[in-house]
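This report refers to the structure that appears directly beneath it.
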Amino acid sequence: MTHSEEIQKRRTFAIVSHPDAGKTTLTEKLLLFGGAIHVAGAVKSNKIRKTATSDWMDIEKQRGISVATSVMAFDYADHKINILDTPGHQDFAEDTFRTLTAVDSVIIVVDIAKGVEAQTRKLMEVCRMRKTPVIVFVNKLDRDGKDPFDLLDEIEEELHIRVRPLSWPMEMGQRFRGVYNIYEGKLDLYTPSKQYVTQSIAFTDIHSPELETHIGDLATQLRADMELIEGVYPPFDTATYLAGDVAPVFFGSALNNFGVKELLDCFIRIAPAPRPVEALERVVEPQEDNFSGFVFKIHANMDPNHRSRIAFVKVCSGRFERNAPYKHVRSGKLMRFSSPTAFMAQKKETVDEAFAGDIVGLPDTGNFKIGDTLTSGEDLHFKGLPSFSPEIFKYIDNADPMKAKQLHKGIEQLMDEGVAQLFTNTFNGRKIIGAVGQLQFEVIQYRLLHEYGAQCRWEPLSLYKACWIESADDDALDNFRKRKAQYLALDRAGRAVYLADSSYVLTMAQQDYPSIRFHFFSEF
Ligand code: G4P
């Protein structure tokens with residue numbers, strides 16, 4: 001197979017949802033189709049508990065298993081599918097956002113009863129920013145929920161994307177009869193309690209009287225619905241989907257394995273193969289001969305005695321080879337990897353080669369940072385791995401004076417992994433950790449102690465947001481710095497950050513200093 005054919009058959013994507021909409025169940029059913037797992041429940045048992053009371057035991061468990069489930073690759077119908085797992089817990093949202101930078105497309109799962117929820121909205125914002133093509137899977141049709149037309153309107157309004165149904169449900173809940181597969185022109189009929197589509201009938205002309213023989217009285221309703229759909233939504237056009245302008249929508253029930261194969265079959269046909277990736281220097285095409293890739297995730301080893309980590313690299317172009325020398329652009333050093341791993345099904349395996357679209361796991365002893373680039377030699381810096389303004393802030397203090405060095409090292413390494421963000425207050429020199437959720441502070445404290453032998457103490461800090469500031473007007477910036485001295489900090493890259501303690505104060509600052517730009521994420 002040629003290099004270009006290898007790349008063309010790859011589909012690298014993530015399934016995302018608000019917790020409980022059915023992401024894990026759908027992932028699992030896809031893996032079953034791909035033959036990557038053989039029993040239902042294999043993925044599910046690995047899931048972190050979603051309650052707010054998750055403690056570090058859960059976190060530890062999660063860390064252990066999520067190496068195995070971080071990437072799930074399988075072959076299906078001549079394609080190589082890479083599903084990138086994202087943590088369901090909202091406290092790890094930043095991890096999810098970063099994973100989205102490594103995918104070429106996304107499937108969003110929406111619960112028919114709950115509709116668009118908070119987390120779905122946030123995730124979609126990231127997809128929109130990056131113009132990532134999105135397919136929506138409306139789940140749990142075996143339960144009663146919203147009217148499908150109303151739900152489509154809600155998705156358009158709430159997610160700010162146009163939609164185009166490619167399948168259409170016939171009733172729902174107890175009366176659910178199945179879906180009309182618009183994309184393929186098929187009637188997929190449902191029998192409750194069977195683990196597959198029980199009857200799939202090619203059916204392109206829904207005006208044929210034969211429709212009645214299959215679905216009886218529902219035929220009239222289906223014809224009326226289809227007429228409305230054709231009237232309201234323009235015909236499906238793959239180009240608008242690939243541009244991130246239109247999201248095709250499928251209906252089904254992941255738990256009952258209904259509509260899942262149809263989704264997968266359509267997905268491999270329309271979803272993009274690896275796409276070009278923007279670097280600061282130029283746009284990198286997947287088909288290029290030279291290898292390039294970036295680190296989007298770093299995973300610490302479960303075993304505290306071995307402080308090794310795995311850096312997950314998305315291959316952006318060319319072919320990655322085991323033992324070949326690659327340039328670590330940030331340090332300028334050449335590195336070789338004797339045991340890179342790929343993630344086939346749920347097993348980790350050493351691989352000799354990987355292609356654009358693939359994810360390789362590289363054992364790391366502390367050289368990598370999130371966002372680092374590896375290349376065959378060229379100096380490239382991939383864009384699009386921004387840090388978002390955290391939501392919770394705490395001063396971190398040393399609780400064991402004998403272990404100051406360990407604490408420092410631990411904090412630096414955990415920040416390299418992207419566990420949270422570190423700021424240094426320029427007024428008092430104290431270190432501030434910013435995170436999205438409470439759980440991250442627990443993880444940090446626990447890992448500092450168990451992996452670095454260091455003890456930390458938290459002091460709550462009531463802040464609203466951290467904004468990166470910049471201005472072409474040096475006087476205004478100087479003036480601002482003097483006035484807000486107590487609220488200024490530096491991020492790890494040495495950039496100026498304003499710590500606003502309330503939304504009111506921030507609005508006032510924006511009004512008073514119109515020549516200063518306040519950014520809510522670190523890439524601008
Ligand atoms: P998540 O990863 O998005 O958080 O959702 P997950 O797949 O864990 O699904 C959340 C709950 O919804 C699970 O029930 C799951 O069984 C159920 N579910 C998923 N798909 C469907 C569907 O098509 N129909 C119905 N009726 N339910 C569905 P749970 O009670 O929380 O977990 P469990 O006891 O089943 O493991």
Side-chain angles (χ1 to χ4, degrees), residues 13-33 36-37 39-54 58 61-62 65-66 68-70 72 83-93 95-96 99-100 106-124 134-146 148 151 159 167 169-179 188-198 249-264 346 437 439:
F13 74 109
I15 304 178
V16 299
S17 77
H18 190 86
D20 264 346
K23 173 177 83 86
T24 314
T25 314
L26 181 62
T27 307
E28 184 168 287
K29 300 295 162 161
L30 292 176
L31 294 178
L32 280 167
F33 277 118
I37 54 168
V39 281
V43 179
K44 199 155 196 56
S45 58
N46 286 344
K47 206 163 89 161
I48 191 170
R49 256 191 6 231
K50 283 165 295 193
T51 58
T53 57
S54 298
D58 292 313
K61 260 193 263 161
Q62 152 92 359
I65 49 81
S66 61
T69 56
S70 282
M72 291 162 281
I83 306 183
L84 271 56
D85 193 29
T86 55
H89 200 292
Q90 62 172 14
D91 285 9
F92 298 110
D95 217 38
T96 301
T99 299
L100 291 182
V106 161
I107 294 180
I108 294 185
V109 185
V110 172
D111 182 326
I112 181 82
K114 297 198 178 133
V116 173
E117 296 173 87
Q119 194 80 345
T120 332
R121 238 174 268 130
K122 274 199 193 167
L123 292 162
M124 184 63 212
V134 162
I135 294 179
V136 177
F137 182 73
V138 179
N139 191 26
K140 306 197 186 182
L141 265 289
D142 58 315
R143 292 216 185 135
D144 284 316
K146 302 187 178 199
L151 184 63
L159 299 185
S167 79
M170 292 172 279
E171 301 278 10
M172 63 179 77
Q174 301 261 325
R175 300 174 317 284
F176 182 50
R177 272 310 306 280
V179 298
D188 291 328
L189 301 180
Y190 174 72
T191 311
S193 80
K194 292 272 163 57
Q195 285 284 298
Y196 48 86
V197 175
T198 44
V249 181
F250 286 85
F251 292 83
S253 164
L255 187 64
N256 293 289
N257 215 349
F258 193 88
V260 178
K261 186 169 182 300
E262 291 66 23
L263 172 73
L264 182 58
Q346 289 191 287
L439 212 49

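Side chains included, hydrogens not; waters and symmetry mates left out as well; all remaining heavy atoms used. For ligands, and for the atoms within them, numbers begin at 1 and follow the listed sequence.
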Residue part near ligand 1, for Thr24, under 4.0 Å between non-hydrogen atoms: both
Sidechain-backbone polar pair: Lys140 side chain, Gly252 backbone, donor-acceptor under 3.5 Å: no
Nitrogen or oxygen of Ser17 less than 3.5 angstrom from that of ligand 1: yes
Lys29 side-chain N/O to Leu255 backbone N/O, donor-acceptor pair under 3.5 Å: yes
Nearest-option assignment for atom 23 (O) of ligand 1, heavy atoms, candidates Gly22, Ser253, Gly259: Ser253
Trace of the side chain to side chain contact (heavy atoms under 4.5 Å, CB included) decision for Leu26 with Asn139: CA-CA 9 Å; Leu26 181 62; Asn139 191 26; over 6 Å; no
Proximity winner for atom 4 (O) of ligand 1, if only heavy atoms of Val260, Leu255, Asp20, Val16 are counted: Asp20
Aromatic ring proximity, centroids under 6.0 angstrom, Phe251 and Phe137: no
Contacting atoms of ligand 1, where contact means under 4.0 angstrom from a heavy atom of Arg143: 26 (N)
Parallel, tilted or perpendicular: ring planes of Phe176 versus Phe258, cut at 30 and 60 degrees: perpendicular
Exam field: side chain Thr120 to backbone Val116, donor-acceptor pair closer than 3.5 Å: no
Numbered atoms of ligand 1 (with element) below 4.0 Å of Lys23, judged on heavy atoms: 1 (P), 2 (O), 3 (O), 5 (O), 7 (O)
Nitrogen or oxygen atoms of Ala254 and ligand 1 under 3.5 Å apart: yes
Within residues 112-122 or reaching into it, pairs that qualify as salt bridge (Lys or Arg N to Asp or Glu O under 4.0 Å) - sequence neighbours excluded: Arg121-Glu158
For Pro19, the ligand 1 atoms whose distance to one of its heavy atoms is below 4.0 Å: 4 (O)
Atoms in ligand 1 flagged as close to Thr25, the criterion being non-hydrogen separation under 4.0 Å: 6 (P), 7 (O), 9 (O), 15 (C), 19 (C)
